[in-house]
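None of the values given here were measured: they were computed from a predicted structure. As the structure lists them, so they are numbered: ligands from 1, and atoms in each ligand from 1. When a residue number appears, it is its place in the shown sequence, counting from 1.
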Amino acid sequence: MINVFQPSLGVEELAAVKDVFDSGWVGKGPRTTRFEAELAGHLGVPAAHVVSMNSCTEAMFLAVELLGIGPGDEVVLPAVSFVGAANAVAARGGTVRFCDVDPASLNPRPDHVERMLTGRTKAVLVLHYGGFPGWVAEIAALCHDRGIALVEDAACSIASRVDGRACGTFGDVGAWSFDAMKILVTGDGGLLYARDPELAVRARRDGYLGMDKVSGFSQVAHADRWWEFEVCSFGRRSVTNDLAAAIGLVQLGRLAGFMRRRREIAAAYDAELAGVPGLRTPPPLPAGHESSHWLYWIRLDERVRDAVARRLYEREVYTTFRYPPLHRMPIYGADRTALPGAEQAAAETLCLPMHQSLTDADVAQVVAEVRAAVAAETTFARR
Ligand SMILES: Cc1ncc(COP(=O)(O)O)c(C=O)c1O
């Protein structure tokens with residue numbers, strides 16, 4: 001089976017893990033600090049503004065808390081969002097207001113967001129679909145003009161940029177994911193960026209049980225009673241550890257190579273699938289935009305999409321669709337009519353295998369199977 005997602009973990013990561021074992025300390029420690037600093041450098045922000053997390057979802061839950069979102073506050077999210085983003089808002093008693101998306105890029109346009117803003121909108125929370133930056137710069141400007149916070153779910157955007165600026169750093173808070181299906185993988189892991197340094201300090205504190213003065217080996221030499229601490233908030237435990245950080249440091253060093261391969265694969269799919277009757281490839285990236293190419297998606301007639309997916313599965317090519325629109329879900333209101341772009345995207349989008357370990361032969365096989373499946377199902381649907 002050719003997988004949709006697959007991490008690239010090998011001997012270098014194993015050696016880094018062995019070093020952590022040998023050090024006698026696997027918890028949050030010096031490697032975590034180095035990982036944060038190197039990620040900050042990669043994103044082009046000061047290290048004091050980033051905090052490593054145990055997942056992107058956790059970073060988004062923390063972001064909603066840090067921004068003081070609660071009952072009576074509305075947060076606008078694209079209907080095509082990762083469920084953890086909406087859960088983060090709803091869990092704090094905030095009201096999720098779903099906006100529509102452009103069915104070709106699956107990203108919201110500024111007018112989609114603007115239409116949903118009310119006097120009670122406290123924040124906008126957008127992702128960059130599949131790593132495509134979309135209209136994040138324009139949405140950031142809109143939020144700035146209206147005095148509304150912007151949170152970026154940059155889970156799939158570790159290498160996405162607009163005019164050199166990293167996605168996830170356009171808004172007030174950004175959150176990245178290093179889970180098992182992402183590009184840079186640490187098993188589980190995440191990162192939070194806060195534009196306001198004070199918010200970053202609070203993220204660090206609230207993400208570690210709200211403890212102000214943390215005891216531990218790093219402070220033993222300086223404290224008479226190193227076991228004492230203050231608690232400043234009812235914080236949670238969002239921290240990662242040196243095992244994950246050691247893997248992440250190796251993965252960050254390999255990221256440029258991963259991205260080269262992903263760009264090659266996206267270009268090959270574009271070239272080989274463009275012009276296939278009944279199939280549309282993703283829109284071209286605008287000038288100045290760089291994608292992480294986390295997803296590669298095609299658009300098919302909604303009458304054949306599921307049958308094509310099933311046929312591909314039978315031919316050992318695994319596909320998927322990210323993300324089933326949340327506004328359809330009963331817990332979020334089950335509104336089936338209001339957002340036509342999201343409905344269309346959900347009916348016709350199919351995500352193909354996309355990871356840096358795909359060989360040229362894998363890519364050729366996916367292309368051949370997709371061409372055959374689309375041709376067969378389209379002929380069948382016409383009968
Ligand atoms: C857009 C998006 N946001 C957030 C997440 C969640 O990341 P994590 O597993 O690190 O919580 C995912 C995971 O697939 C995602 O695709």
Side-chain angles (χ1 to χ4, degrees), residues 3-7 32 35-36 39 50-65 75-91 96 98-99 101 105-108 123-134 136 139 150-160 166-168 170-171 173-193 203 207 236-241 244-245 247-248 251-252 262 291-297 318-326 342 345-346 349 351 353-355:
N3 287 329
V4 186
F5 309 114
Q6 199 167 293
T32 308
F35 188 38
E36 285 179 350
L39 282 168
V50 304
V51 186
S52 56
M53 295 271 130
N54 52 34
S55 74
C56 176
T57 301
E58 179 64 13
M60 291 192 287
F61 269 71
L62 197 52
V64 169
E65 279 182 24
V75 178
V76 175
L77 268 78
V80 178
S81 280
F82 178 70
V83 64
N87 287 355
V89 175
V96 179
F98 291 112
C99 72
V101 300
S105 68
L106 287 86
N107 273 317
V124 170
L125 199 172
V126 292
L127 71 160
H128 323 94
Y129 184 78
F132 272 48
V136 68
I139 292 170
L150 174 64
V151 179
E152 285 175 78
D153 174 355
C156 27
S157 307
I158 186 67
S160 304
C167 287
F170 282 84
V173 183
W176 290 260
S177 171
F178 310 129
D179 78 20
M181 287 184 281
K182 294 302 180 298
I183 301 170
L184 190 166
V185 170
T186 64
D188 270 312
L191 186 79
L192 181 146
Y193 156 79
R236 43 216 293 147
R237 196 172 182 286
S238 318
V239 295
T240 186
N241 58 64
I247 296 170
Q251 292 267 293
L252 189 55
R262 297 180 91 93
S291 173
S292 299
H293 296 290
W294 184 57
L295 296 175
Y296 186 93
W297 67 97
Y318 193 50
T319 60
T320 190
F321 169 60
R322 291 278 195 286
Y323 305 82
L326 297 174
T349 308
C351 303
M354 171 49 99
H355 55 82

| message | Side chains of S160 and H128 only: does a donor on one sit below 3.5 Å from an acceptor on the other? | response | no
Test side chain to side chain contact (heavy atoms under 4.5 Å, CB included), reference P78, set L326, V126, L125, D153, output is V126
Here the atoms of ligand 1 under 4.0 Å from any heavy atom belonging to G189 are 10 (O)
Among H128, K182, R322, closest by heavy atom to atom 14 (O) of ligand 1 is K182
Taking N or O atoms only and a 3.5 Å limit, does E58 qualify as a polar contact for ligand 1? no
Sub-4.5 Å side-chain heavy-atom contact between Y129 and V80: yes
contact_flag A59 ligand 1 heavy-atom lt 4.0 Å = no
inquiry  = So, regarding C56 and ligand 1 (criterion: nitrogen or oxygen to nitrogen or oxygen, under 3.5 Å), is there a contact or not?
reply    = yes
Quick look: W176 vs ligand 1, heavy-atom contacts under 4.0 Å, and the answer is neither
Quick look: T57 vs ligand 1, heavy-atom contacts under 4.0 Å, and the answer is both
Next on the checklist: Check whether E58 reaches the backbone of M53 with its side chain - one donor and one acceptor, N or O, closer than 3.5 Å.
Outcome noted: no
One finds that the ligand 1 atoms under 4.0 Å from a non-hydrogen atom of S55 are 10 (O), 11 (O)
Minimal heavy-atom distance between A154 and G168, with the atoms involved, is CB-CA, 3.9 Å
for atom 10 (O) of ligand 1, nearest protein heavy atom and its distance come out as S177 OG, 2.7 Å
The single option from F132, F321, Y323 that satisfies ring-ring contact (aromatic ring centres under 6.0 Å, His included) with W297 is F132
Residue, atom and distance of the protein heavy atom nearest atom 16 (O) of ligand 1 read Y323 OH, 2.6 Å
Residue, atom and distance of the protein heavy atom nearest atom 9 (O) of ligand 1 read D179 OD2, 2.6 Å
Heavy-atom nearest pair, P108 first then I139, reads O-CD1, 3.5 Å
the protein heavy atom lying closest to atom 3 (N) of ligand 1 turns out to be D153 OD2, 2.6 Å
Quick note on ligand 1: atoms under 4.0 Å from a heavy atom of W294 include exactly 16 (O)
Near L127 (heavy-atom distance under 4.0 Å), the atoms of ligand 1 are 1 (C)
For atom 6 (C) of ligand 1, the closest protein heavy atom turns out to be F82 CE2, 3.2 Å
